[in-house]
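Per chain, numbering begins at 1; letters A, B, ... match sequence-line order. Keep in mind the model is a prediction, meaning the values are calculated, not measured. Both backbone and side-chain heavy atoms feed into the values below; hydrogens, waters and symmetry mates do not.
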Amino acid sequence: MRLLTGRVTENAAVNAQVFRMGVRMDEPFEFSPGQFVNIRVSEYDVPLLRRPISISRRIDETTIEFLVKVEGIGTRQMGQWSQGTRVDLIGPLGRGFDIEGFDKKAPLLILGGGIGTAPLKGLAQELADRGYERVYVLNGFKEDPYGKEDFKCFEYRVIDESKEPVYVTDYLLSHWGGIAFQGVFACGPMAMLRRVKEIFREGEIPVQISLEEKMACGVGACLGCAVKIKCGNFQHRYQKVCVDGPVFDASEVIFE
Amino acid sequence: MRLLTGRVTENAAVNAQVFRMGVRMDEPFEFSPGQFVNIRVSEYDVPLLRRPISISRRIDETTIEFLVKVEGIGTRQMGQWSQGTRVDLIGPLGRGFDIEGFDKKAPLLILGGGIGTAPLKGLAQELADRGYERVYVLNGFKEDPYGKEDFKCFEYRVIDESKEPVYVTDYLLSHWGGIAFQGVFACGPMAMLRRVKEIFREGEIPVQISLEEKMACGVGACLGCAVKIKCGNFQHRYQKVCVDGPVFDASEVIFE
Amino acid sequence: MNPLKTDLNGLKLKNPVTVASGTFGFGREYSEFFDLSTLGGISVKGLTLKERLGNPAPRIVETRSGMINSVGLQNPGVENFIREEIPFLRQFDTRIIVNINGDEPEDYARMAQILQRADIDSIEVNISCPNVKSGGMLFGTDPEIAYQLVRRVVENTRHHVMVKLTPNVTDIKVIARAVEEAGARAVSLVNTFNAMAIDIHTQKPVLFRKTGGLSGPAIKPIALRLVYEVYEAVSIPILGMGGITNAEDAIEFILAGASAVALGTYIFVDPMAPVKTLEGIEAYLKEKDVRSLSEIIGKAHE
Amino acid sequence: MNPLKTDLNGLKLKNPVTVASGTFGFGREYSEFFDLSTLGGISVKGLTLKERLGNPAPRIVETRSGMINSVGLQNPGVENFIREEIPFLRQFDTRIIVNINGDEPEDYARMAQILQRADIDSIEVNISCPNVKSGGMLFGTDPEIAYQLVRRVVENTRHHVMVKLTPNVTDIKVIARAVEEAGARAVSLVNTFNAMAIDIHTQKPVLFRKTGGLSGPAIKPIALRLVYEVYEAVSIPILGMGGITNAEDAIEFILAGASAVALGTYIFVDPMAPVKTLEGIEAYLKEKDVRSLSEIIGKAHE
Ligand SMILES: Cc1cc2nc3c(=O)[nH]c(=O)nc-3n(C[C@H](O)[C@H](O)[C@H](O)COP(=O)(O)OP(=O)(O)OC[C@H]3O[C@@H](n4cnc5c(N)ncnc54)[C@H](O)[C@@H]3O)c2cc1C
Ligand SMILES: Cc1cc2nc3c(=O)[nH]c(=O)nc-3n(C[C@H](O)[C@H](O)[C@H](O)COP(=O)(O)OP(=O)(O)OC[C@H]3O[C@@H](n4cnc5c(N)ncnc54)[C@H](O)[C@@H]3O)c2cc1C
Ligand SMILES: Cc1cc2nc3c(=O)[nH]c(=O)nc-3n(C[C@H](O)[C@H](O)[C@H](O)COP(=O)(O)O)c2cc1C
Ligand SMILES: Cc1cc2nc3c(=O)[nH]c(=O)nc-3n(C[C@H](O)[C@H](O)[C@H](O)COP(=O)(O)O)c2cc1C
Ligand code: FES
Ligand code: FES
C-alpha cells in the first residue's frame, strides 16, 4: 500500500447512477482482484475522509478501472471528474479473493449484486487468464443491469429485478442448484451475502464474500471498519475489513 | 438586494495574483459604483461563508465585471472558474459612492491602492458618462500594476512601488497638492485610507472611503461587519459595512 | 389536518422551522428574500434592558464548516425593540420569540416585566451568551443560578417562557432539569461553543475579544447529542438547533427529540435555507407516510 | 542548535510534531508511508489492562469536517503491547507515549506498575475516552477523582506522566489544575467531543453505541480555545491537539500555548500530513527568524 497519484483517462456513464472511470497511475500498479483503493475526493476536504472503491479491473500496466455508484457527496463529485483530473489514492489495499488451489476444470461460481459486481469483473478476467474453464457468473440488479460484455466466463446470467422479480440466490437454487461448484465468490448487499452463506453452510466448499464497512484510514490504523468474526465456538472478535478483508471466508463472518 | 444567478463569461489573469472575471446575470442587473455582491464559492460549502466582492464595472445590461485578488481558499477557487460556471450571488449590496451635487468642471480625485482599485473603475466610468470633466486618478501598487487602460479620466497616474518607493498619499501631496479637489473617493488598504483622512482633515471637501470588514451575511442581519463611527463629540457607535457602507464619509470613521 | 404543526408546550407553531436569535436580525433583511409568514417562528436578535453597542471588530472569523462570532449583543434595547420592531414583525403570520439577556439575574426579570404588555409569543431567556463580559453564559452553567433566574422571569410574565441552554457544560441535563423545575415551558439548544482562532502572522487572536462562539455545520454532531440527552432528561419540549443546513439535518434533530428546529448560521450561506428545509420536511413526512410531526419527535430513542 | 526541539517538562522531543492516540495504531501501518523517526513522538492506541474487543460496527460516521468514532478501546492489552509493539517502535528515533485507560481508577495504577520495566518515554493517562461504558470520561470530569487517579499513577511509576483531558466539561481549568497538583508533568488536550449522528431513513442513531467522539477540523476552534485557557491555568506544558491539518493549525496551537502538538484524524486524510506539518513549522520559524520554538509558545497571550 502506498500513496499514489494518477489521472482520469475517461469517465463514462454506465447507467443513470453508475459510472466507469479509468485512471492511469503515474507508475506501474500491481493488485489482485478484490483489492481496493482509498480515494481522496477533494483537496478542500468535503468530504473529509477518503472513499474506498474496489479496483474493478486492469486496463493496462498502469491503468485501472473503477465502477462507481453515486451514493452521496463523495461519489457524486468523482462522477464529475473530467479527463485529466488528478487522482490521489492509497492502494492497493486489503486482501482480495484467494484463487489458489482450485481445479481448472471444475465449476466455480461468481455471484454479484448491483455495484457489488465491480470487483468481480477483474476476478472473472483473472480466472479466465489463468485458464479456469468453467466459471459461472450470476449477477442481479434492481434495474438497469450493466457489465454483461465485461465478464469473461463460461456461463453468464444477469437478472433485472425490475422485470423478473427474483433474487440471484433464488435463481441459483432453482437453476444452477445441481452444479457441483468447487468454490464461490460473492459481492453485493449484506442480505445477499448472508443468504449465500446460508445456502452453502452445510457444504464443504469455500465461500468467499467481499464485505463493506465504513472506513476512515483504510490501512488498519483507526479500527473503524470492524467485522465480527467467529473465534472458537462461542466467542467472537473483530477483524478489520480494510486489511483482514474486504474478502472473508463466509463461514467465519457473524452476521447480525 | 436579491439572490441571483449568472454565468462566468470569461476569467482572465491580470497579473500573478489578480484575475478579471465577467459574469452574465440571468436578468438585467442595476447597481451603483462602489456597491458589492456576496458570492457563494462552493456548493460543498468550503469555504462556508460567501465572499464579498465589489462590482468593478458594468460590461453590458446584464454583464458585470469583477477584479479579484487571490487571498485564500475562496478567491483561489473563484480564479479557477471556467467560462459557463454557474455563479450564485446576493446583490447589489451596500451604499456605493455618492456622486451627486458636484460641479462638472471642478476637479475630483480618485485614489486607489492595489485591489482597492476594483470598484474605482466603475466609478471613473460613471463619472465620465455623467460628464465630469476633471477626474484625476492616482493608483498605487506594490508591484505588477494593472488597470491603466480601464480608467476613463482626465489625468491618470499609476505608481509601481517596486520601482518607485512612494505611497500614493505622498505622491498626492508632492505632485497634486496644489489642485483644489472638490471631492475625494478612495479605496485601498486601511493604512492608506487613514492617511487620506488625515490629509484632508482640515479641508471642507467630502472624502468618501470604501472600507472592508469580515462579513458573514452581507445583508445587515448578523452584525458581524462593524465599523466604529463618530457619534457626537466623545462617543461612538457601530455601523455595518455591508449596509451602511462599504463607502463612508471619512470624517465619521474612527480608525484605531 | 396540518401534519407540520407543532407545539412547544403552549407555543403553537404552524410548522417546526424557525430561525435562531442573532442570525436573522429583526426579520427586516430576510423579508426581502422570502415571505416571513412561511416560518414557524422568529427568534429576534438578543435584547438587553438598555441599548448596547457591541464589541469592536473583528467580530467574526470563519473556521472549517463553521464561524466564530463575538458580536457582543449589539441591540437597540428592549423598549426600542417593542416600539420599532414588533409592529413590523406582526405583519407576518409567524411566532415572535424574544431573546432576552442580562448582566444580572434581575435584568431578566425586569425585561420580562417590560415585555408584559408587548404583543409577543414567547420569551427566550438566553443564559448562554459567550460574548459578553458579565452574566450571559455564566448563568447557564450553574443550575442554582439558572433556577433562580428563570423562576423570577416566570413570576414576572404571562408569556410563554423558553430557556436557551449553553453547550459549554459538563452535564447539560442538570441545567435542563433546573430550568424545567423553575417553570420554563420549553428549552432551546444549543447556543454557540466557546472557541477561538489565532492569526499566525500577527501572532494574536483574530477576534478583538479573543474568544467567541462557534456555530455552523461543524457543531451539529455535538448539538444533536445534547438534544438527544436533554430529551431523556426533561419532559418539556425542545427547540433544537446547531449547524442545521437542510431538511435532513432538521429531521435528525426532530428524531433526537426536538419539537421544532431553528436555522442559524446557514441562513447567511443560503437565505432560502429555511424555506427549503420546510419543504424537505414536508416531503419526508409524505414519503414516510407520517400524519403528524409528533409521531417522529424523539423517535431515535425507541 | 535545533530550533525545533521542545520539552514537555522532562519529556524531550526533537520536534513538536507527534501523532494522537488511536489514530496511528502502533505505528506499523504508517511506517509504510514515511520514516517514523521524523516524528517528535507517537502516542499509541489506547491500552487497557486486559485485551479488549471494542464495540460492534458501525463504529464511525463522517460529519461536516469531522468524524465520530466509537471504537471502544479495542486493543491487545498492556502486556501484549509491551511484548509485541515496543520492540517495533524502538527501531525508530522517536518518543513512545503510552496511552492508558481503565474502568476503575485502580486499573490505571496497575497499568503504571506493569509499565514500570517497559522501555517507554511517557505514560498518557486517558481520563477522557467517551467510548466505553464505565470509567473513561467520567474520571476526567470530576476534579477530585482525577486528582486521586493521577496521584496513584504518579506514585506507581518512574516514567513521565501526562494526562489527557476531555473537552466535555464546564471548566477545563479546574481539571487541569487538579492533575497538575496530583503530579502530572504535562497535559494533553483535547480528546474527542461527545457527539452523534442519526440516520433519517432507519430513524436510529448511526453508530451501534449511539454516541461517539467527534474529531477532525470541525473541533479545532474549540480545542484551540481550551489550550489557550489551560495555558493560563497551569504551569506544566501542554501537548495540543484537535483538528490539526497542517503547519498553520499547529502554529495556532503553539501560539495558544502548546509546547508540542499531535495530529490525529487528518492522518487518515493525508498520511503525509505529520511530515508536511513539521516542514511547515520549520519554514515558519525560519521566515519569522525564530531561533527556538520556545520563543513562540504561548505568544498569543502577550
Ligand atoms: C472495500 C470497499 C469497496 C468498495 N467498492 C466500491 C466500488 O467499487 N464501487 C462503488 O460504487 N462503491 C464501492 N464501495 C462503497 C463506497 O465506498 C461508498 O458508496 C462511498 O464511500 C459512499 O460515499 P459518498 O460520499 O458518495 O456517500 P455518503 O454521502 O458518504 O453516504 C452515502 C451512503 O454511503 C454509505 N457509505 C459512506 N461511506 C461508506 C464507506 N466507507 N463504506 C461503505 N459505505 C459507505 C453511507 O452510509 C450512506 O448510506 C466500497 C466500499 C468498501 C468498504
Ligand atoms: C465590501 C467588500 C468588497 C470587496 N471587494 C473586493 C474586490 O473587488 N476584489 C477582491 O479581490 N477582494 C475584495 N474584497 C476582499 C475579499 O472579500 C477577501 O479578499 C476575500 O473574502 C478573501 O477570501 P478568501 O477565502 O480568498 O481568503 P481567506 O482564506 O478567507 O482569508 C484570506 C485573507 O482575507 C481576509 N478576509 C477573509 N474574508 C474577508 C472578508 N469578508 N472581508 C475582508 N477580508 C477578508 C482574511 O482575514 C485573510 O487575511 C472585498 C471585501 C469587502 C468587505
Ligand atoms: C452572528 C450570531 C449572533 C448570535 N446572536 C445570538 C443572540 O443574540 N442570542 C442568542 O441566544 N443566540 C445567538 N446566537 C446563537 C444562535 O442563535 C444559535 O444558537 C447558534 O448559532 C447555533 O446555531 P447555528 O449553528 O445554526 O448557527 C448567535 C449566533 C450567531 C452566528
Ligand atoms: C478513531 C479514533 C480513535 C481514538 N482513540 C483514542 C484512544 O484510544 N485514546 C485517546 O486518548 N484518544 C483517542 N482518540 C482521540 C485522539 O487521540 C485525539 O485526541 C482526537 O481525535 C482529537 O484530535 P484530531 O481532531 O486531530 O483527531 C481517538 C480518535 C480517533 C479519531
Ligand atoms: S478503515 Fe481504519 S482500520 Fe480499517
Ligand atoms: S455582514 Fe452581516 S451585518 Fe454586515
Atom pair CD1 (A:Ile90) and CG (D:Asp270), whose distance is rounded to the nearest 0.5 Å: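 The CG atom of D:Asp270 is 8.0 Å from CD1 of A:Ile90, to the nearest 0.5 Å.
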Heavy-atom side-chain contact between A:Cys222 and D:Asn69 under 4.5 Å: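 The answer is no, as the side chains (C-beta and beyond) never meet within the 4.5 Å cut-off.
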Within a radius of less than 6.0 Å around [atom1] of [X], do more than 12 heavy atoms belonging to other residues, nucleotides or ligands occur?
X        : atom1 : answer
A:Arg2   : CZ    : no
D:Lys210 : NZ    : no
A:Tyr167 : OH    : no
A:Glu61  : CD    : no
D:Phe92  : CZ    : yes

A:Leu48 vs D:Phe268, side-chain contact (heavy atoms from CB on, under 4.5 Å): CA-CA, chis, key distance, verdict: CA-CA 9 Å; A:Leu48 180 67; D:Phe268 306 151; over 6 Å; no
Pair listing, salt bridge (Lys or Arg N to Asp or Glu O under 4.0 Å) test, anchored in residues 211-229 of chain A, at least two apart: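 The answer is A:Lys228-A:Glu256.
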Return the minimal non-hydrogen interatomic distance between [X] and [Y], and the atom names on each side.
X        : Y       : result
A:Leu223 : D:Gln74 : CD1-O, 3.4 Å
D:Pro271 : A:Arg50 : CD-NH2, 4.2 Å
D:Glu62  : A:Pro47 : OE2-CB, 3.2 Å

Heavy-atom pair count under 4.5 Å with chain A, highest-scoring of D:Ala57, D:Pro58, D:Gly54, D:Pro56: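 Option with the greatest count: D:Pro56.
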Engaged part of [X] at the chain A interface, taking heavy atoms whose separation is under 4.5 Å:
X        : answer
D:Thr265 : side chain
D:Phe26  : neither
D:Val206 : side chain
D:Phe33  : side chain

Region of A:Ile73 that comes under 4.5 Å of a non-hydrogen atom in chain D: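 For A:Ile73, there is no contact with chain D at all, as no heavy atom is under 4.5 Å.
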Residues of residues 13-42 of chain A with any heavy atom under 4.5 Å of a heavy atom in chain D: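 Residues A:Arg40 are the ones that qualify, each having a heavy atom under 4.5 Å from chain D.
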Top of A:Met215, A:Met1, A:His236 for chain D proximity - count of heavy-atom pairs under 4.5 angstrom: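 Winner by heavy-atom pair count: A:Met1.
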